[in-house]
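To keep things clear, I will list the structure first and then write my remarks on it.
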Amino acid sequence: MRIGYACQAVGIYETNFKSCTRKNATEENLLSVINHNLNALENIIDYNRKNKIHLFRITSDLIPFGSSPVNQLKWWEIFQERFGRIGQLVRENDIRISMHPGQYTVLNSTDDTVVERAVADLEYHAKLLESIDPDQKNKIILHIGGAYGDKKKAMECFVTNYQKLEEAVKKHLVIENDDKIYNIEEVMETSLKTGAPVVFDVLHHQVNPDKEKNSANSWIKQCGYTWKSEDGVQKIHYSEQNPVKQPGSHSETITAESFMTFINELGSLQPDIMLEVKDKNLSAVKCINLMEERPNILMLEKEWSRYKYLVLEKSQNDYKYIRQLLKEKEKYPVMEFYKTLDHARFLEESKGDALNAVNHVWGYFKKQASEKEKDYYQKLIQEYGSDKKQLNSVKNIYGN
DNA sequence: TGACGTCAAGATCCG
DNA sequence: CGGATCTTGACGTCA
């Protein structure tokens, strides 16, 4: 069971992606953006390697206007060497890559030009995967599309258009249940007619279940049969509901307890799991640590150095508790550790704790701050105390 | 016609 | 002027 995350990494040096607008899409600009993005991708893959993250979804925006006539570059030839190097990195470290065109790539549309663009977009995705690593286990995940008032007919339209796709696309294409229109049962039906493997999405199934409301596990098992050995290990998507957003919206972080409950219920099912979550790689590391078979307290200490001020800012009690946990060097209290972290981040901002954390960090900066900076800091702290300023404006001074 | 989702670019605001 | 914050872009479907 491998864990991965989608598209970008949080807090990792030089892994940001650039894009450009249509009116700036000159050849020169496109070349520069692609060059930048390939650097970022290589850095992300390298980060994944170091952190034992073996699944990664590559952003569809790696090549700006990748499937649009706006971009006439033969990027796969121009950057052949770079793709080759990334491919080597991916293969040597057993990293499985994937892509996921968004809700705007609709293969079953009633509008022919939309279908044409969808086909072109899928061909772009396949070309990109093939440029890096042509192995059939690297997948492009697609939703079925619209319903257009007649779902049966719309599903048939998907099958017809699927069959017309070029082999290089079909080789990588897999289909997924969505949160509004096509539930897992309908996607499985479409899989029977196309032969495309099925990615089961846990949150989409919660929001948009099949009529009989069969369990996630029973569907994961069924979906497993759609993956042939060339397709690699079965993949699923795991995410959690964001409590303050629309049904189907992804949470900020994966909750340690919910995740491990899910993993334990899987039993003998061992799919690769793509996380869809705001904090990206941070949750991937968290889930990998939670499942670690050869644990070491150093893993948690490394995590603690990232999270400690976040916890201190919310709750001194949780902060003290985790410090206590980490004192026993021969243990690995991974669940207690992340559970407490999840608890702290869920808390409302408390002024006393926040000030304490800010002062703590200020301690490190004080020595190198000028008189003027010290005055400015005191003023900000006072304004925060009297509700004039938000916590962020205080924290921002550390960036200066 | 706007909401949906995503995230960087672009525009504007503030001190 | 620089940094923070708001708006736009790019995509298709559906209410």
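A note on names: the letters A, B, ... follow the listed sequences, proteins ahead of strands, and every chain is numbered from 1.
- In this structure, Tyr124(A) and Trp75(A) have perpendicular ring planes: the angle between them is above 60°, well past the 30° mark.
- Following rounding to the nearest Å, His204(A) (NE2) and dC4(B) (C1') show an atom-to-atom distance of 12 Å.
- Here Ser109(A) lies in heavy-atom contact (under 4.0 Å) with sugar-phosphate atoms only.
- Looking at heavy-atom distances under 4.0 Å, Gly102(A) makes no contact with the nucleic acid at all.
- Interface remark: the Tyr104(A) side chain does form a donor-acceptor pair with the dG5(B) base, using a distance-only criterion of under 3.5 Å.
- Counting any heavy atom pair closer than 4.0 Å across all strands shown, Lys180(A) reaches no nucleic acid atom.
- Among the heavy atoms of the strands lying under 4.0 Å from Asn24(A) are primed sugar atoms or P, OP1, OP2 only; no base atom is included.
- The side chain of Phe65(A) sits closest to dA10(C) out of dA9(B), dT13(C), dA10(C).
- Closest to the side chain of Thr21(A), out of dG5(B), dC7(B), dA10(C), is dA10(C).
- Side-chain atoms of Val106(A) lie closest to dT13(C) of the nucleotides dT13(C), dG5(B), dT6(B).
- Taking atom CD1 of residue Ile181(A) and atom C1' of nucleotide dC4(B), one finds them 12 Å apart after rounding to whole Å.
- Ring pair Tyr319(A)/Trp304(A): centre-to-centre distance below 6.0 Å.
- Counting Ile, Leu, Val, Met, Phe, Trp and Tyr side chains that sit under 4.5 Å apart, directly or through other members, Leu203(A) shares a hydrophobic cluster with Val207(A).
- Distance CG (Asp179(A)) to C1' (dT6(B)): 14 Å, rounded to an integer number of Å.
- The side chain of Arg22(A) approaches dA10(C) more closely than any other nucleotide in the set dG5(B), dA10(C), dA9(B).
- His143(A) comes within 4.0 angstrom of nothing in the nucleic acid, heavy atoms only.
- The interatomic distance linking Leu122(A) (CG) with dG12(C) (P) rounds to 13 Å, in whole Å.
- Between His100(A) and His237(A), the ring planes lie tilted relative to each other; the angle falls in the 30° to 60° range.
- Comparing atom distances between the Lys280(A) side chain and each of dT13(C), dC7(B), dA9(B) picks out dC7(B) as nearest.
- Atom P of nucleotide dA9(B) and atom CG of Leu30(A) are separated by 13 Å, given to the nearest angstrom.
- With 3.5 Å as the limit, one finds no donor-acceptor pair spanning the side chains of Tyr162(A) and Asn108(A).
- The separation between Lys245(A) atom NZ and dA3(B) atom P is 15 Å, rounded to whole Å.
- Among dG12(C), dA10(C), dC14(C), the nucleotide with an atom closest to any side-chain atom of Ala147(A) is dC14(C).
- The rotation axes computed at either terminus of the helix from dT1(B)-dA15(C) to dG15(B)-dC1(C) lie 70° apart, taking five pairs at each end and rounding to 10 degrees.
- Across all strands shown, Thr59(A) has no heavy atoms under 4.0 Å from either base or sugar-phosphate atoms.
- In this structure, the CG atom of Asn108(A) is 13 Å from the P atom of dG12(C), given to the nearest Å.
- In this entry the distance linking CD of Gln103(A) with P of dA10(C) reads 16 Å, nearest Å.
- Ring pair Phe200(A)/His205(A): centre-to-centre distance below 6.0 Å.
- With side-chain heavy atoms closer than 4.5 Å counting as contact, directly or through intermediates, the hydrophobic cluster containing Val174(A) also holds Ile141(A), Val199(A), Trp227(A).
- A donor and an acceptor atom, one from each side chain of Ser32(A) and Asn29(A), are nowhere located under 3.5 Å apart.
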